[in-house]
Every structure is written in structure tokens, then in C-alpha cells.
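Contents: one structure, followed by commentary.
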Amino acid sequence: MPELPEVEAIRSQLETFLKGHKIEDVIVSDKRSFLGDRRDIIGSCFVEFSRFGKVLFLGLDNDFSLIVHLKLTGQLVYRGPNLRKPPPLSEKIVGGLPGRYTRVVFKLDRNGFLYFNDLRVFGWIKVVKNSEFKPEELVKRLGYEPPAVPSPSLPTLTLKDFSNILSKSKKAVKLILMDQEKIAGIGNIYANDALFLAGIDPRRPANSLRDYEQNNLYNSIIKVLKDGIKRGGSSENTFVNVDGTEGKYQDFTFVYGKVGQNCPRCGAEIKKIQLGGRGTYFCEGCQK
DNA sequence: AGTATCCTGGAA
DNA sequence: TTCCAGGATACT
């Protein structure tokens, strides 16, 4: 379940490892995972590495690009000459490399390989022609991005934007945080943690937040996302980095995945409920 | 606005 | 054996 910090970690490592690498062949073992014509990208080099919310945009030097959405269980792992000392692969790479869940393999020059593993086959890699590319192809529509990285590709979410978005909906505030059309990049882990840090009940109607609460939540979102990036993402579930190692944020989450454990602030038991069909963790005492 | 759907392994 | 996990979308 890569979210903004995880996808940013991947983007940054892809840039390090793939820059200048040439695609010699593309082996598609599951057609559901690769959309477009593989022949359009064979022979081209990786030159651009961007991220829009949770979506990766990899530009090639031949007027084509790759758009990648990892969804829940997608993993991109590189092995090759740009890894000086290949670290041991995480156990989160279920099935091995290549293995049972390897859906696409990019064979690169100088004996390099980029593997796309995806246990649940929700993720996809799409080939687009730059001249015909429309941003809507990324995802239906993406909203503002919280300023957690120096130069986001999407318009930056300001406190004012955030306040406008919240005041326009009476839906539960957590659902608004995770609505990619409004705010891009936040998923279940960071939504839970940001709401805990701000002391706000995830079920509160978005338009019921007072100014100081909006302000708190805005700052909390930026803080947890930056924290996630600093820790190299959260490997709570299936996330691994491009070098095959795990992130560390899962050891620093406040409430996500901690049902029954003690609230880090007051010690009370962390509760779990369903909200919009998703597991929602919070402390009844600390979040009002 | 709320719910089913895609998919598969792992937990209950 | 059933249920749950979850991002985004297609439904009702």
C-alpha cells in the first residue's frame, strides 16, 4: 500500500539506479499488469523520474513514457550494476525475484533488471506517447499535494485550499483526506496517523472542523508524510524499496495497525472501526 | 453518498 | 471455511 512517502522513496531510488539505463527487452508474464505496446519502449533510455501523488511517471528518451501505479501490493525492484553492493532482498518480496508474482521484467543493458512484482494484480504499468499524454491518464483526476517534498509535480496544497476542501463536505474527515481527487498522496496509514496527531476523530464531518483544528490537521499531515519520507516509507504491509530493502516508518506509527495496543499519548486501548469500508484506528480519548 | 469489485494470501 | 486487507473506480 504505497502512499506518497513510499512512492517518493521508490521514485528517488529509480532515479539513482535507472538513469541512463537502456531497455533491451520487456517480458510481460501477466497482460493485466502491462498496458500498451512493449515494442514502443524497447531500445529507449530512462531520463525522467516524476511522481504525481501515488503515481509514478517515468520518461523515456523516445517520446514515450511509463506510468506506474503500484496500488496495494506492487513492487519495483532493481538488480544490476548501479547497485554497488546489492543488499539482501526483504522477505516482503513474496514469491522471490523473479518469482510467482513477477508480472513484468525490464531487461536492461549492462545486465540490469527491473522487476515488477504484484501479488494481487491491482497495479499496472502503462505505456503512453508523450505527445498524446493527458494527465487524466494518471488517475481520473488528482488534487493538490501536501508540501512534503521540495518540488511536488502537482499544485501545492495550501492551508487555505485545505480549509476550502474541508468546509465543502460533510463526509467523514478521514474520507476527504484519502480522496485523491481532492488531496493526492494520502492513504490509510498516514490518514490515521495524521488524525491522531491532530487529536481529531476520523468520523467528524469535514465541515465541522474549527479553524484551529484545520490548522492542526494540515500541519499534522505534512509532519507524518515528511516523517514517512525520512524513515524511507512504511513496510507495514508489502512495501519494499527499489533495492529490495524495507522502510522503517512502521516502527514509528502512532495508531495504524495497533488495535488493542496502548495509545502512545494516554495509554488507553486503541480502537478499530470501519469507515468507508476501510480499517480505521484511533484513540477515543485523545481524538475528539 | 454508500457499496461492490478487482485479486490473493493469511488470519480467524 | 469465511473474512479481511486496501486504491481506485464502477456501480446502485
Side-chain angles (χ1 to χ4, degrees), chain A residues 1-8 10 29-35 51-57 67-76 90-96 99-104 116-126 134-143 145-146 154 165-166 168-195 202-208 225 228 233-240 247 249-250 253 255-260 270-282:
Chain A
M1 39 145 41
E3 305 178 32
L4 191 154
E6 289 75 29
V7 181
E8 177 57 26
I10 290 169
S29 41
D30 194 318
K31 286 184 177 170
R32 294 171 295 180
S33 304
F34 191 88
L35 315 170
R51 180 190 52 75
F52 297 78
K54 303 174 190 173
V55 185
L56 284 166
F57 182 92
I67 303 177
V68 184
H69 202 311
L70 300 165
K71 290 288 181 81
L72 293 137
T73 56
Q75 302 173 322
L76 284 171
S90 156
E91 291 177 10
K92 306 259 170 180
I93 304 174
V94 182
R100 207 154 35 128
Y101 306 111
T102 304
R103 314 295 179 185
V104 182
F116 178 63
N117 272 24
D118 189 9
L119 193 150
R120 292 184 192 163
V121 209
F122 286 174
W124 42 257
I125 297 173
K126 206 184 288 185
K134 305 208 173 52
E136 307 88 84
E137 297 192 34
L138 289 170
V139 160
K140 208 162 153 197
R141 215 182 101 87
L142 290 170
E145 183 167 310
L154 292 165
I165 289 167
L166 292 181
K168 270 193 278 197
S169 174
K170 57 181 173 55
K171 276 160 71 171
V173 59
K174 177 167 178 254
L175 302 185
I176 304 299
L177 297 190
M178 294 175 65
D179 183 342
Q180 304 301 301
E181 291 189 42
K182 296 186 172 65
I183 303 168
I186 304 174
N188 207 19
I189 296 175
Y190 296 96
N192 279 293
D193 269 5
L195 286 160
R203 300 166 291 190
R204 285 267 301 279
N207 62 6
S208 74
L225 291 177
S234 165
S235 292
E236 174 81 23
N237 296 305
T238 58
F239 165 75
V240 292
Y249 183 79
Q250 68 276 12
T253 48
V255 289
Y256 180 79
K258 299 202 163 165
V259 60
I270 292 169
K271 292 278 187 285
K272 183 185 181 190
I273 58 166
Q274 291 292 114
L275 197 55
R278 297 287 168 260
T280 299
Y281 305 86
F282 69 114

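These values consider heavy atoms only, across backbone and side chains, with no hydrogens, waters or symmetry-generated copies. Letters A, B, ... mirror the listed sequences (proteins, then strands); counts begin at 1.
- Between A:Lys54 and A:Leu70 there is no side-chain heavy-atom pair separated by less than 4.5 Å.
- Of all nucleotides listed (B:dT8, C:dG7, C:dA8), C:dA8 comes nearest to the side chain of A:Gln180.
- You'll find the side chain of A:Ile273 reaches within 4.5 Å of the side chain of A:Arg203, heavy atoms only.
- Here C:dG6 presents its C1' atom at 8 Å from CG of A:Asn237, a figure rounded to the nearest Å.
- As a whole-Å value, the separation of A:Asn117 CG from B:dG9 C1' is 15 Å.
- For the pair A:Lys171 NZ and B:dG2 C1', the computed distance is 9 Å after rounding to whole Å.
- Residue A:Tyr256 is classed as a sugar-phosphate contact, given heavy-atom separations below 4.0 Å to backbone atoms only.
- Of all the residues in residues 272-281 of chain A, A:Lys272, A:Gln274, A:Arg278, A:Gly279 reach under 4.0 Å from DNA chain C with at least one non-hydrogen atom.
- For the pair A:Gly279 and A:Lys174, the tightest heavy-atom approach, listed with the atom from each and the gap, is O-NZ, 3.5 Å.
- Here C:dA5 presents its C1' atom at 12 Å from CE of A:Met178, a figure rounded to the nearest Å.
- Summarising the geometry, the separation between NZ on A:Lys126 and C1' on C:dT9 is reported as 12 Å, rounded to the nearest angstrom.
- The side chain of A:Tyr101 approaches B:dG9 more closely than any other nucleotide in the set B:dG2, B:dC7, B:dG9.
- One can place CG of A:Leu35 at 13 Å from P of C:dT9, the figure rounded to the nearest angstrom.
- When all heavy atoms of A:Gly276 and A:Leu175 are compared, the pair lying nearest together is CA-CD2, 4.0 Å.
- For the helix from B:dA1-C:dT12 to B:dA12-C:dT1, the end axes, each set by the C1' atoms of five terminal pairs, are bent relative to each other by 70° (nearest 10°).
- Listed here is the closest heavy atom pair of A:Pro5 and A:Tyr190: CG-CZ, 3.5 Å.
- The shortest side-chain heavy-atom distance between A:Leu142 and A:Gln180 falls under the 4.5 Å cut-off.
- Proximity of A:His69 to the phosphate of C:dG7: no side-chain N or O atom is located under 4.0 Å from OP1 or OP2.
- Rounded to an integer number of Å, the gap from CG of A:Leu72 to P of B:dT5 is 17 Å.
- Minimum heavy-atom separation, A:Ile176 to A:Lys182: CG2-CD, 4.1 Å.
- Under the rule for a side-chain contact (heavy atoms from CB on, under 4.5 Å), the partners of A:Leu119 that lie at least two apart in sequence or sit in another chain are A:Thr73, A:Val94, A:Tyr101.
- Between A:Lys71 and C:dT9 there is no side-chain polar atom (N or O) within less than 4.0 angstrom of OP1 or OP2.
- Taking atom CG of residue A:Leu70 and atom P of nucleotide B:dC7, one finds them 18 Å apart after rounding to whole Å.
- The residue A:Arg100 sits close only to the backbone: its heavy atoms come under 4.0 Å of sugar-phosphate atoms, none of a base.
- Ring pair A:His69/A:Trp124 is tilted by interplanar angle, where 30° to 60° counts as tilted.
- Environment of CD in A:Glu91: sparse, with no more than 12 heavy atoms of neighbouring residues, nucleotides or ligands closer than 6.0 Å.
- Where A:Lys170 and A:Arg32 each meet DNA chain B at their nearest nucleotide, the meeting point lying more 5' is that of A:Lys170.
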